[in-house]
K.L.:
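One structure is given below, represented as structure tokens, and several questions about it will come after.
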Amino acid sequence: MQHDDVIWDIIGNKQFCSFKVKTKSQNFCRNEYSITGVCNRSSCPLANSQYATIREEKGQCFLYMKEIERAAFPARMWEKVKLSKNYEKALEQIDENLIYWPRFLRHKCKQRFTKITQYLIRMRKLVLKRQRKLVPLSRKVESREKRKEEKALIAAQLDNAIEKELLERLKQGTYGDIYNFPVYAFDKALEQQDAESESDAEEEEEEDDEVMGGSFYKSLCLMIEKVFYSERVFPFVQDVGQREFVAEDEVEESDLSDFEDMNKLKTSSDEEEQDESSEEEEEEEVQASRSKGKSPANGSLVRKKRAYVEIEYEQETESASRRRTT
Amino acid sequence: CSSKRTGRKSKKKNKKAPMKDLKMEEESSGVEKLEPGTTFPPTFSVSEIKNKQRRHQMFMKLKQEKRKQKMQLKKKRRKEREALGDKAPPKEVPKTIENQRVFDETTVDPEDEEIAFDEGTDEFSAYFNGLTNPKVLITTSDRPRGRVVKFCEQLATVIPNAHVYYRRGLALKRIIPQCIARDFTYLIVINQDRQTPNGLVLCHLPDGPTAHFKVSSVRLQKELKRRGKAPTEHSPEVILNNFSTRLGHTIGRLFAALFPQNPQFVGRQVATFHNQRDFIFFRFHRYIFKNEKKVGIQELGPRFTLKLRSLQKGTFDSKYGEFEWVLKRHEMDACRRKFQL
């Protein structure tokens with residue numbers, strides 16, 4: 001026998017109901033067949049042997065009915081009626097099936113059905129609009145990418161690259177006449193380089209003349225100084241040995257090392273200037289005894305990175321020349 | 001002979017308990033010879049020892065020996081080099097990732113005619129022939145917050161002829177025809193994640209390719225150190241570095257077409273897109289030539305890095321668009337020396 005009141009007495013107030021959810025103001029019913037979600041005497045599916053609900057499956061609404069005659073057969077207890085997709089027709093169906101049923105259940109069924117159709121319509125509309133896709137980030141991958149980015153940034157040397165590119169553009173003349181940098185410095189440097197290659201050839205001739213002619217106005221050893229600059233940009237260096245004062249901001253390693261070298265070479269150049277200097281600027285001659293100049297110059301070679309001065313010494317032995325002259 | 005072994009072992013590892021030495025003996029008795037130098041059969045490897053601590057010890061020993069050998073080799077080489085002095089062979093160039101880059105067959109050869117023809121007739125040809133002026137629309141995803149708004153504004157100052165519009169939840173596919181009607185050439189959409197920009201969609205408008213980038217390391221103007229004053233209205237110059245492959249070329253042209261064709265040198269501003277290992281670094285500087293060999297640059301403007309995620313032909317259409325290139329992490333990130341751009 002179904003004693004609804006007894007059931008309600010137990011589960012509703014006094015003892016435990018597993019579908020009940022208690023909150024401060026209200027109790028809710030989690031039973032899937034409940035018509036309102038509230039825990040009430042009239043809307044508890046367990047405590048009412050005649051009960052009806054509307055449930056929705058994949059966009060289709062069904063009317064479920066429970067009758068006391070089938071209370072003994074739990075497998076067949078709920079009667080399921082498919083409702084039409086047309087709203088009005090479905091309401092008529094509900095009315096038809098729940099004729100002579102309590103007013104409360106009829107009303108609540110229709111309310112629930114209305115709500116369900118409304119949310120189904122909204123779902124269909126949302127699908128047509130823009131949908132936001134949440135993409136999960138993998139922590140490992142992200143940290144790897146971050147590290148790669150840092151390394152790439154270091155390898156890029158952006159400032160240098162930009163400066164280089166800008167200077168290139170300046171050289172190629174994309175800026176036209178805006179910047180009036182004296183062009184003669186370029187030409188002078190060009191000349192210097194050409195002169196170097198010429199001077200080597202001339203030097204050899206001179207040597208021969210000297211040897212043949214027998215007038216050696218200089219010491220017996222010749223020192224040839226070749227000046228190489230590792231930068232692609234043309235050298236803006238005056239005569240070796242002259243002091244150049246550079247602004248504070250621009251002091252870089254290369255400038256400093258230039259200073260050191262200039263100091264060392266100054267001593268050599270003093271002695272050179274005592275002798276008669278050759279016509280070309282680059283040629284400087286030192287006596288054989290001064291071999292000190294060799295090591296510091298080579299030492300500084302190793303240290304510098306940018307502009308450096310490579311000094312080569314060529315020695316002519318006394319005996320050989322004497323022999324030739326006589 | 002056993003005493004010799006224990007003596008030797010205890011010399012090396014004084015901290016270990018004597019019991020361990022005994023065990024060492026037992027285990028290695030079948031393996032070691034009775035010589036002062038340990039010789040293992042060639043098939044022995046450190047990983048075969050089951051005991052973790054001993055395995056660790058042996059491994060450390062192995063490492064030390066290797067390191068020692070390496071130092072000896074280095075010393076020897078250095079001595080040889082010094083001995084030779086001038087005649088020493090030139091120092092070898094160290095290997096870098098850029099040196100070791102796997103050769104990409106799509107690398108663009110400057111004289112390639114086919115590419116020149118392609119580029120003469122692609123979507124950017126109108127720009128490069130001087131027919132259109134760039135006009136850029138910058139917008140965001142829904143409800144932009146915080147840094148994204150500022151980022152958009154700063155981008156608008158950097159790119160000349162750029163307009164920022166609030167996205168009112170409109171679909172991109174609806175925005176695009178309206179933009180085309182109003183003569184916009186570019187659409188930039190900045191995507192956000194927790195109030196910071198993390199994605200950028202760059203769409204060339206009449207019917208051009210759409211590129212989707214991941215944005216990282218955004219620094220707004222305020223956050224930069226030693227920054228100059230705000231960027232002026234002059235059109236900046238553009239520097240594009242290291243875009244070497246076909247794909248890189250396309251992306252490079254995409255960036256180039258953002259800015260007007262004739263930069264105003266009076267403004268002395270330069271926007272740089274530098275590609276390094278598939279990361280594109282954007283910087284905005286003001287430069288000044290101190291003399292013909294030195295130039296000073298001062299950073300204004302925002303900086304950010306981009307990484308290309310996908311390139312799609314045609315305007316934005318993520319479902320039915322034809323993707324020319326998509327980043328597939330498993331294939332493309334497997335090799336450290338292989339890059340796409």
Side-chain angles (χ1 to χ4, degrees), chain A residues 128-135 137-138 141-142 144-146 148-171 174-186 189 231-236 246-247 249-250 252 298 301-302 307 310 312, chain B residues 82 85-86 96-98 141-142 167 169-174 191 193 198-199 214 216-217 237-242 263 265-266 268 270-272 274-285 287-299 303 305-307 318-319 329 333 336 339:
Chain A
L128 294 175
K129 273 195 183 176
R130 304 161 47 223
Q131 289 176 340
R132 190 169 300 181
K133 191 170 153 193
L134 290 177
V135 176
L137 295 175
S138 162
V141 173
E142 291 302 310
R144 237 185 272 151
E145 292 264 304
K146 204 164 157 232
K148 276 192 193 169
E149 189 192 317
E150 285 165 9
K151 298 279 182 179
L153 183 62
I154 294 170
Q157 295 180 337
L158 283 170
D159 290 341
N160 289 350
I162 297 176
E163 287 173 8
K164 213 162 127 183
E165 177 68 29
L166 288 170
L167 286 170
E168 271 269 351
R169 289 188 183 181
L170 179 68
K171 256 207 281 175
T174 45
Y175 299 125
D177 289 330
I178 305 176
Y179 301 105
N180 314 330
F181 287 124
V183 188
Y184 75 87
F186 283 131
E231 274 182 23
R232 206 165 35 92
V233 184
F234 291 119
F236 186 61
V246 186
D249 291 339
E250 296 166 20
E252 294 152 69
N298 277 349
L301 222 185
V302 181
E310 216 178 87
E312 266 181 54
Chain B
E82 280 172 16
D86 274 340
T96 62
I97 294 185
E98 281 78 28
S141 54
D142 288 337
R167 175 94 171 271
L170 300 167
L172 278 181
K173 288 191 201 166
R174 295 241 184 91
N191 195 38
D193 168 52
N198 77 339
K214 174 174 98 152
S216 45
S217 323
E237 297 171 46
V238 182
I239 293 181
L240 300 164
N241 276 346
N242 287 351
F265 297 123
V266 184
R268 283 186 288 126
V270 58
T272 312
H274 181 106
N275 171 37
Q276 189 82 16
R277 303 184 194 172
D278 281 355
F279 288 98
I280 302 171
F281 298 102
F282 172 81
R283 300 284 186 272
F284 193 73
H285 291 277
Y287 63 87
I288 179 165
F289 283 107
K290 295 181 190 163
N291 55 31
E292 66 270 3
K293 275 197 313 153
K294 271 212 168 73
V295 60
I297 53 176
Q298 189 187 42
E299 186 158 7
R303 64 157 83 156
T305 54
L306 300 169
K307 185 156 200 230
S318 50
K319 265 199 251 175
R329 196 167 51 81
D333 281 0
R336 277 173 219 251
F339 303 113

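Throughout, a chain's letter reflects where its sequence line sits, starting with A, and its residues are numbered from 1.
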K.L.:
As an exercise, state the distance from OH of A:Tyr175 to CZ of B:Arg268, rounded to the nearest 0.5 Å.
P.N.:
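Reported to 0.5 Å precision, the distance equals 11.0 Å.
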K.L.:
How long is the straight-line distance from CG of A:Asp159 back to NE2 of B:His285, given to the nearest 0.5 Å?
P.N.:
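Here the interatomic distance stands at 5.5 Å.
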K.L.:
Can you confirm whether more than 12 heavy atoms, excluding those of A:Arg130, are under 6.0 Å from its CZ atom?
P.N.:
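Correct, the count exceeds 12.
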K.L.:
In Å, rounded to the nearest 0.5 Å, how long is the span from CG of A:Leu166 to CD1 of B:Ile288?
P.N.:
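Nearest 0.5 Å value for the CG-CD1 distance: 12.0 Å.
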K.L.:
What's the separation between atom CZ in B:Arg283 and atom CD1 in A:Ile162, rounded to the nearest 0.5 Å?
P.N.:
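It is 7.5 Å, given to the nearest 0.5 Å.
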K.L.:
Just verifying a value: how many Å separate B:Phe282 CZ and A:Leu158 CG, rounded to the nearest 0.5 Å?
P.N.:
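One gets 12.0 Å once the value is rounded to the nearest 0.5 Å.
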K.L.:
Pick one of side chain, backbone, both or neither for B:Phe289, based on which atoms fall under 4.5 Å of a heavy atom in chain A.
P.N.:
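Both backbone and side chain of B:Phe289 come within 4.5 Å of chain A.
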K.L.:
Against chain B, work out which of A:Arg144, A:Glu163, A:Arg132, A:Glu165 has the most heavy-atom pairs shorter than 4.5 Å and name it.
P.N.:
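Max contact count across the listed options: A:Glu163.
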K.L.:
Identify the heavy atoms of A:Ala156 and B:His274 that sit nearest to each other, and give their distance.
P.N.:
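Closest approach of A:Ala156 to B:His274: CB-NE2, 3.6 Å.
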K.L.:
Could you look at B:Arg329 and say if it's the side chain, the backbone, both or neither that has a heavy atom under 4.5 Å from chain A?
P.N.:
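Just the side chain, heavy atoms under 4.5 Å.
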K.L.:
Considering all heavy atoms of both residues, which atom of A:Ala155 and which atom of B:Glu98 are nearest to each other, and what is their separation?
P.N.:
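Where A:Ala155 meets B:Glu98 most closely, the heavy atoms are CB-OE2, 4.1 Å.
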K.L.:
Taking every heavy-atom pair that is under 4.5 Å apart, which of B:Val238, B:Asn275, B:Asp193, B:Asp278 has the most such pairs with chain A?
P.N.:
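The residue among B:Val238, B:Asn275, B:Asp193, B:Asp278 with the greatest pair count is B:Val238.
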K.L.:
Need one label for B:Leu170: side chain, backbone, both or neither, based on atoms under 4.5 Å from any heavy atom in chain A.
P.N.:
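Interface part for B:Leu170: backbone (N, CA, C, O).
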K.L.:
Could you tell me which of A:Lys146, A:Lys129, A:Glu145, A:Lys148 has the largest number of non-hydrogen atom pairs under 4.5 Å with chain B?
P.N.:
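Of the candidates given, the most pairs with chain B belong to A:Glu145.
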K.L.:
Could you work out, with side-chain contact (heavy atoms from CB on, under 4.5 Å) as the rule, every residue matching A:Lys151, not counting sequence neighbours?
P.N.:
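Here the qualifying residues are A:Arg147, B:Arg277.
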K.L.:
Non-hydrogen atoms of chain B under 4.5 Å away: do they reach the side chain of A:Glu142, the backbone, both or neither?
P.N.:
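Side chain of A:Glu142 only, per the 4.5 Å heavy-atom cut-off to chain B.
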K.L.:
Using heavy-atom distances under 4.5 Å, tell me whether B:Lys307 contacts chain A through its side chain, its backbone, both, or neither.
P.N.:
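Contact with chain A is through the side chain of B:Lys307 alone.
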K.L.:
Partners of B:Thr305 by side-chain contact (heavy atoms from CB on, under 4.5 Å), sequence neighbours excluded?
P.N.:
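For B:Thr305, the residues satisfying side-chain contact (heavy atoms from CB on, under 4.5 Å) (neighbours in sequence not counted) are A:Glu149, B:Ser216, B:Ser217, B:Phe281.
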